[in-house]
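Everything quoted here is computed from the prediction, not taken from an experiment. Just so you know, residue 1 is the first one in the sequence shown, and it goes up from there.
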Amino acid sequence: MEISGKGAVFNQHANMGWFVEIIQPGFFETANMDECACLFNHDPNIILARKKSGTLALEIDQAGLSYRAVLPESRKDVYEAIQRGDVYQSSFAFTVRKAKWVQVLPSDLTNVFPEIEIQRLTYGGKIDLRILEEADKVYDVSPVVYPAYAGASVSAYSESKLKEERSAFLSEARNEESYYTMIYQHRLRIIEAIERGAYL
């Protein structure tokens with residue numbers, strides 16, 4: 001049972017209740033992630049995987065922090081909830097080494113949040129924005145029911161589903177004149193890498 005997801009996303013505004021937060025690219029370059037765990041809803045009593053044991057893999061890419069976890073047999077309930085789509089988002093627990101605060105106008109977030117959220121965030125006519133620049137430590141990445149960052153996702157997959165996807169792709173591709181184009185070859189390499197467990 002394996003799951004993969006995006007634990008954190010760069011350049012996305014998150015409503016933290018009384019302020020807005022955003023993670024800058026490069027935030028995780030300073031992070032200590034050696035003891036990072038994969039938990040369910042940040043609950044240390046529901047451990048899904050751990051980096052130290054080799055059951056959790058982390059990768060920083062252009063979009064944010066990605067993770068892949070191999071779940072224990074005892075957590076079939078969590079896997080099923082993700083597979084069914086009941087749980088489809090993620091979050092992460094961390095400490096910050098460097099951040100800065102700025103104030104923005106409500107109009108700056110017009111296309112980011114609904115008007116009612118903007119009104120609740122407004123203090124003295126401006127909104128506090130926390131920009132996360134450098135991480136100190138990442139404690140966990142977690143499939144969650146209610147995340148702070150809407151773009152943080154999680155999905156479940158199995159070897160059989162991957163083989164079905166690959167088979168369907170090959171069948172479709174063989175009927176296309178562009179089978180040997182770079183796009184199709186790239187898709188095939190990604191699917192093969194996932195099957196080998198080399199792609200996060």
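- N45 and D43 form a side-chain donor-acceptor contact under 3.5 Å, judged by distance and modelled atom types alone.
- Cluster annotation: L39 and V141 are assigned to distinct hydrophobic clusters (Ile/Leu/Val/Met/Phe/Trp/Tyr, side-chain heavy-atom contacts under 4.5 Å, transitive).
- Here CD of E133 is found 12.5 Å from CD1 of I23. Values are rounded to the nearest 0.5 Å.
- Residues H13 and L129 are in side-chain contact: their nearest non-hydrogen atoms beyond the backbone lie under 4.5 Å apart.
- Nearest approach of G125 to L105, heavy atoms of both residues: O-CD2, 4.4 Å.
- Using a 4.5 Å cut-off on side-chain heavy atoms (C-beta onward), H42 and D140 make contact.
- No side-chain heavy atom of I22 sits less than 4.5 Å from a side-chain heavy atom of F10.
- Pairs passing the salt bridge (Lys or Arg N to Asp or Glu O under 4.0 Å) check and including a residue from residues 9-18, sequence neighbours excluded, do not occur.
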**Request:** Apply side chain to side chain contact (heavy atoms under 4.5 Å, CB included) to the pair W18 and M16, showing each step before the final yes or no.
**Result:** CA-CA 6 Å; W18 60 273; M16 308 304 289; over 6 Å; no

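- Of the possible donor and acceptor atoms, none in the side chain of D136 sits under 3.5 Å from a partner among the backbone N and O of F94.
- Side-chain contact check for Y67 and S90: at least one donor-acceptor pair (N or O, by modelled atom type) lies under 3.5 Å.
- When the side chains of ILVMFWY residues are joined at heavy-atom separations under 4.5 Å, either directly or via intervening members, I131 and V104 end up in a single hydrophobic cluster.
- In this structure, I127 and I118 have side chains that are in contact, with non-hydrogen atoms separated by less than 4.5 Å.
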**Message:** Could you walk me through whether V9 and Q12 satisfy the side chain to side chain contact (heavy atoms under 4.5 Å, CB included) test, starting with their C-alpha distance in whole Å, then the side-chain angles of each, then the deciding distance to 0.1 Å, before giving a yes or no?
**Reply:** CA-CA 6 Å; V9 288; Q12 184 180 92; 3.5 Å; yes

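- Y79 OH to I3 CD1: the interatomic distance, rounded to the nearest 0.5 Å, is 9.5 Å.
- In terms of hydrophobic clustering, with Ile, Leu, Val, Met, Phe, Trp and Tyr side chains grouped at heavy-atom distances under 4.5 Å, V138 and I47 are assigned to different clusters.
- In terms of heavy-atom proximity, R75 sits nearest to L71 at O-CD2, 4.0 Å.
- Pairing each heavy atom of A99 with each of V96, the nearest pair is CB-CG1, 3.8 Å.
- Under the 4.0 Å criterion applied to side-chain N and carboxylate O atoms, K137 and E35 are assigned as salt-bridge partners.
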**Request:** Take R130 and V20, measure what side chain to side chain contact (heavy atoms under 4.5 Å, CB included) needs, and give me the verdict at the end.
**Result:** CA-CA 6 Å; R130 185 191 189 205; V20 175; over 6 Å; no

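- V78 and M1 fall within a single hydrophobic cluster, where Ile, Leu, Val, Met, Phe, Trp and Tyr side chains are chained together by heavy-atom contacts under 4.5 Å.
- For Q119, the CD atom is densely surrounded, since the number of other residues' heavy atoms within 6.0 Å is greater than 12.
- Listed by first and then second residue, the side-chain hydrogen bond (donor to acceptor under 3.5 Å, both in side chains) pairs involving residues 98-112 are Q103-D128 (not counting sequence neighbours).
- Contact between P72 and L48 at its shortest, heavy atoms only, is CD-O, 3.1 Å.
- The shortest side-chain heavy-atom distance between Y88 and I82 does not fall under the 4.5 Å cut-off.
- Residues T55 and R50 come closest through the heavy atom pair OG1-N, 2.9 Å.
- Scanning both residues, L58 and K51, for their nearest heavy atoms gives CD1-CD, 4.1 Å.
- Rounding to the nearest 0.5 Å places CE of M33 at 13.5 Å from OH of Y139.
- Side chain of D34 to main chain of C36: no donor-acceptor pair is present (N/O by atom type, distance under 3.5 Å, no hydrogens or angles).
- Judged by distance alone, the side chains of S66 and K6 do bring a donor and an acceptor atom under 3.5 Å apart.
- The distance from atom CG of N11 to atom CD of Q62, rounded to the nearest 0.5 Å, is 11.0 Å.
- With a 4.5 Å cut-off on side-chain heavy atoms, V144 and N41 count as touching.
- Side-chain contact between P143 and C38 is present, with at least one heavy-atom pair separated by less than 4.5 Å.
- Without hydrogens or angle criteria, T30 side chain to A135 main chain gives a donor-acceptor distance under 3.5 Å.
- Remark: F28 CZ to I60 CD1 distance equals 7.0 Å, nearest 0.5 Å.
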